[in-house]
Amino acid sequence: MPGIEVLPNSASITAPGWAYVPDNGFDPSKTALQPSGARKRAARTTGLAAGDTTARQQSATLKHLLELDKDNHRDVQIPVPARFKDKSGARVKTTPNVRRILTSQKTFANHLADEEAALATQEQPALSQTPRPPAPTPLRNASVGRRSSTVAREPSAAGEGQPVTVTLHAPVEKSGRYGSEDVGGSNPLLRSYIPQIPSAAAMEALLAGPPLSYNAARSAPSIGKPPRHFCEICGYWGSVRCLKCGARVCGLDCKNAHDEGRCLKFYG
Amino acid sequence: MSRSRAEQADARLVSGYLIRPSGGPGPSNPLRCTLDCRIYLESMPRRSAVHEKNLPDRTLVVDNGAYTIKAGFSSSSPTLKDCHTIPNCLARERDRKVWVGSEIESIRDFGEVAFRRPVEKGYLVNWESEKAIWDSTFLTQKSKLHCDPHDTNIILTEAPNTTAALQTNCDQVVFEEYEFASYSRHVGPSLNAYHDIQTLFGEPPRASHLPAVPAECLLVIDSGFSHSTVTPLYKGRPIQQAFRRLDVGGKLLTNYLKELLSIRHYNLMNEEQLVNDAKEKISFVSASFGQDLERTRKGMSKKGREAQANEADVVVDYVLPDYNAGVHGYMRPHDPSLAAKVKKMGAMANPGGVVEDFMTLGNERFAVPELLFNPADVGMKEAGLPEAVLQSLTGLPPGLWPAMLANIVVVGGNCLIDGFMERLETEIRQLSPTECVVRIAGLTDPIKATWLGGAYMAADPAALKAMQVTRHDYLEYGSGWLSRVFAGTITR
C-alpha cells in the first residue's frame, strides 16, 4: 500500500496528530445567536436529525437522571446521633489521617473530579482518556475466530501455545457437537474454528493491566437501537408529541391530562 | 558456633548486603541505602518474626453494599446463616428521631422516613456516617457481630473502579481507626469465584475437604442497589481492563417507580421504603415487552377492555401498607368489578372506618425493571446489561470468550426480579457468537452470594495468610505500600 506523506512547506504547521479542518457541524451556540428562520420551532431543530434531541430536551433528561439517582426526594441533612460521636477526651489516639477522613464533606462527585484531574495531568493519554479499545460489539453472526488467523493453525501446534494447566470448562472444547472431525473431516469449509486460548504470559499481561477510570468503565451507548418513547401519563407508546413542550403522550385522553398539569410550557 | 546479632549484622554488611533484598521494604534509592544502611538494618523488624506471627482465628467478612452491609464471621464450612444483613444507612423518622444501622428494623412507621447512605453510587464516600454504622454493628456489646478488632481479620469488599483516594481512605480507617489485626480489600464480585461454580452447571459437587479453589474463567454480573457491573475473572483475579458498568441499580428503579406512581396514583415521592417494598413485590421482567404493553393498555375501546379482562395476570392491585395496624403492603389479583371501585370511593369518603387503599398497577410492573435492559427509555446514554456483557468481552482476547460466556454467574438483588434471568439469558444468547455456548446461573441467595464467596475464601488458613496484610506491616510500610499491594503491582 502506498504511503502518503505530507511534505512540510512554509504555510503548514508541523504538529503531529492534528490539523485544521473547516467546521461544518451543528453548533447550538451559534444557532441560538443567529436564528436561521423566523419560526422558533424551526430554529430549535435546525441541523437535527429525526432522532436527535434539542439542547433543552437533553438538559431536561440529564436533570431527570439526576433526580432518579437521589437517595431522598427532598434535600435532607441527617446528622450522626450524638451517642455515636466521640466525647471530648474519650478518645486520645485519633490519627490526623482519620480525623481528616471523618471530617471530610466530600461527595463522590468531588472525588471523581479529583480523579479525572489527576488522570488528565498524567503523561499517559492512552491510559487516562480513552483506555477502552474501540472494538465493536461482537454481533451474532460474527465468528469468534477470524478465518485468516485460525486456518493456518495446526492441531499439533494448538497444544504447544497453551499452558498445560489451562483446562477450560466450556463445553465448546468438546467439539464433537460442531462436527469438526467426524462430519467435516479435512474439509476446511466444515471445520469449526475455535480461537486459541491465550498463553500464560498473555494472561499475566492482561491481569496486570491497570484499572479503568470510573468514566471509562461505563457501558457505551448501544448502536442501532432506535429510541423508544412512552406516554408520560399512562406509559403506553407515546406516539403523539405535545407541540408546546415536546412531551410524548399516547392519545387524546392522556393529552388532556398532560395539558392540565404537566405541560411544561405555559403561555401567560 | 553461634555469633551474636551484632556480628551477624556486620557480616551482612561486609558480605555486600547493602542493598535491600528485592521486593522487601526500605528506601528505593541504592545510594541513600548505602548511607543509612546500618540504621536500616537495626531499625528493620526481623522479617522472620513478622512472618512467624500467626493471624487471629477470627475472620470477619464484610460486603459493604450501598443498601445493606452483609457481614459475618467465617468458619471452616460457612453457610448463609452466618451472614447478617444490616441496613447501611441512617434513617430519620417524621419526629426527627435518627436510627442507625440495624436499629432501623425496629421502625414501625416508615411514612416519610428519610435516609442517609454513606455509600454513594456504590462507593464508600462518607466515613462519618459509616463509622456510626460500623460502631453500632461491630463495637456494640449486644450486637451479634461484636468483635475486638485487635483480634480479628477483616475481609472487605469495594465496588469495581473505585478511585484511589477512596481506597486509601478505606485502608487508613480500617487500620488507624478500627485497628483490625489484618485486612484485605477485594473487588466485590471477584469473591464469587470461590463458589462451587461447576455445580451450578450440573457437574458433581467439589470435594468438601479440599480448600475452595477459585473458578478458572468466570463472568460475574452484579446488579445491585447503585449500579450493575460486569466483571470477568480469571482464577479469581479480576481482569480490570474489561470491567463495564451500567448506572442502573435498584435505587434508580425505585425512584422511577416512585415517579410513575406519583403521576398516576398518589404522591409517594417521600415514601422511599413503601415504594421499595412495592417494587420488590410487584415487578417482573417482561419476556415480550411490546406485547405486555398492549395487554395493559387502558384504552376506552371495547377491544382494549376485553384484552385487559383476559389478561388479569399482568394487571394487579397493590394494597398499600397500613403502618398503624402494622399491615404490610401486598399484591392481589386485580378486581375489575364495579363493587371494588365503589368500596374504594366509600373508603375515601369516610376515613373513620378501617380503610384499605390500593393502586391498580399495569405497565409499571414491567416498565421499571425494563430499564436494566433498555436504559435509553429514560434517556440514559448507556447500553443495557446484555450489551454491557458483550462490551466487556471486547476487552478480552477472543480465546476467552467461549469460556466466559459458558460460565456466567449473576448476583445482586435485582436478579430476584421475576423473569430477569430468563430475559438476560435470551438476550445474551442473541448477541453472542453462534459458536459459543451461553450458560447463566444464579446463586441460592444472590444478595449474600458475595459474602459467602468471601467466607469460602477465608475458610482456607493458608490462602488467608497469603492474602491478608497485617497491621504491623501497615504501620511499618505505610498506606502507599498497602495500596500497591492490593493493586497487585508489588508482591510480598
Side-chain angles (χ1 to χ4, degrees), chain A residues 61 64-65 68-74 76 78 80-81 84 95 97-98 101-102 107-108 111-112 114-115 133 135 137-138 140 142-145 168-172 192 194-198 202-203 206-212 214 217-222 225 227-228 233-237, chain B residues 90 92 98 114-117 120-121 123 125 127-129 132 135 161 163 165-166 169 172-173 176-177 198 234 237 239-241 243-246 252 255-256 269-270 293 297-298 363 367 376-377 379-383 387-388 390-391 394 397-399 401-403 406 430-431 433 435-437:
Chain A
T61 309
H64 183 209
L65 288 177
L68 288 179
D69 203 42
K70 277 160 81 170
D71 274 328
N72 296 295
H73 179 58
R74 294 164 296 174
V76 284
I78 302 176
V80 173
F84 287 103
T95 63
N97 281 333
V98 171
I101 293 166
L102 291 183
T107 60
F108 181 71
H111 283 286
L112 189 61
D114 286 355
E115 192 206 39
T137 307
R140 179 187 164 76
S143 215
V144 183
L168 291 175
H169 302 298
V172 192
S192 145
I194 296 163
Q196 241 175 320
I197 299 152
M203 279 318 299
L206 192 65
L207 288 166
L212 298 175
Y214 178 81
R218 184 177 290 132
S219 80
S222 59
K225 262 193 183 177
R228 309 194 292 188
I233 304 293
C234 73
Y236 188 68
W237 299 117
Chain B
L90 274 60
R92 192 180 66 185
V98 178
F115 295 98
R116 172 178 175 184
R117 303 190 193 277
E120 195 183 334
K121 285 179 181 287
Y123 302 98
V125 174
W127 271 101
E128 187 201 7
S129 45
D135 282 357
N161 309 101
T163 63
L166 291 176
N169 285 357
Q172 285 172 345
V173 171
E176 296 182 22
E177 172 67 25
Q198 291 314 309
Y234 181 74
R237 293 165 68 191
I239 304 177
Q240 297 268 5
Q241 291 287 318
F243 282 9
R244 287 295 178 272
R245 183 189 68 249
L246 166 67
L252 192 133
N255 281 340
Y256 188 51
M269 290 310 275
N270 290 323
L293 203 57
R297 184 174 190 190
K298 284 183 190 164
N363 56 33
D377 285 358
M380 189 178 271
K381 285 193 168 44
E382 290 178 31
E387 277 178 83
L390 273 288
Q391 285 179 17
T394 58
W401 293 2
Q430 285 169 349
L431 291 168
E435 292 89 340
C436 296
V437 170

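Just so it is clear: chains get the letters A, B, ... in the order the sequence lines come, proteins before strands, and each one is counted from 1.
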Task: Sidechain-backbone polar pair: Asn161(B) side chain, Pro211(A) backbone, donor-acceptor under 3.5 Å - done: no

Open item on the list: Any side-chain to backbone donor/acceptor pair from Arg245(B) onto Tyr214(A)? Under 3.5 Å, distance only.
Closed with: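 Judged by distance alone, yes, a pair lies under 3.5 Å.
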
Open item on the list: Under a 4.5 Å cutoff for heavy-atom pairs, which residue among Arg116(B), Glu382(B), Glu128(B) has the most contacts with chain A?
Closed with: Glu382(B)

- [ ] Pick whichever of Trp127(B), Phe115(B), Tyr256(B) has the most heavy-atom pairs under 4.5 Å with chain A.
- [x] Phe115(B)

Shortest non-hydrogen contact from [X] to [Y]?
| X | Y | value |
| --- | --- | --- |
| Gln241(B) | Gly209(A) | NE2-C, 4.0 Å |
| Pro398(B) | Pro402(B) | O-CD, 3.4 Å |
| Glu387(B) | Ser222(A) | OE1-CB, 2.8 Å |

Open item on the list: Counting only non-hydrogen atoms closer than 4.5 Å, does Leu206(A) touch chain B with its backbone (N, CA, C, O), its side chain (CB onward), both, or neither?
Closed with: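 Contact with chain B is through both the backbone and side chain of Leu206(A).
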
- [ ] Select one option (side chain, backbone, both, neither) describing which atoms of Asn169(B) are under 4.5 Å from chain A's heavy atoms.
- [x] both

Task: Atom group of Ala367(B) that falls short of 4.5 Å from chain A, counting heavy atoms - done: neither

- [ ] Count the heavy-atom pairs under 4.5 Å between each of Lys225(A), Met203(A), Lys70(A) and chain B, then report the option with the highest count.
- [x]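 Greatest number of close heavy-atom pairs with chain B: Met203(A).
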
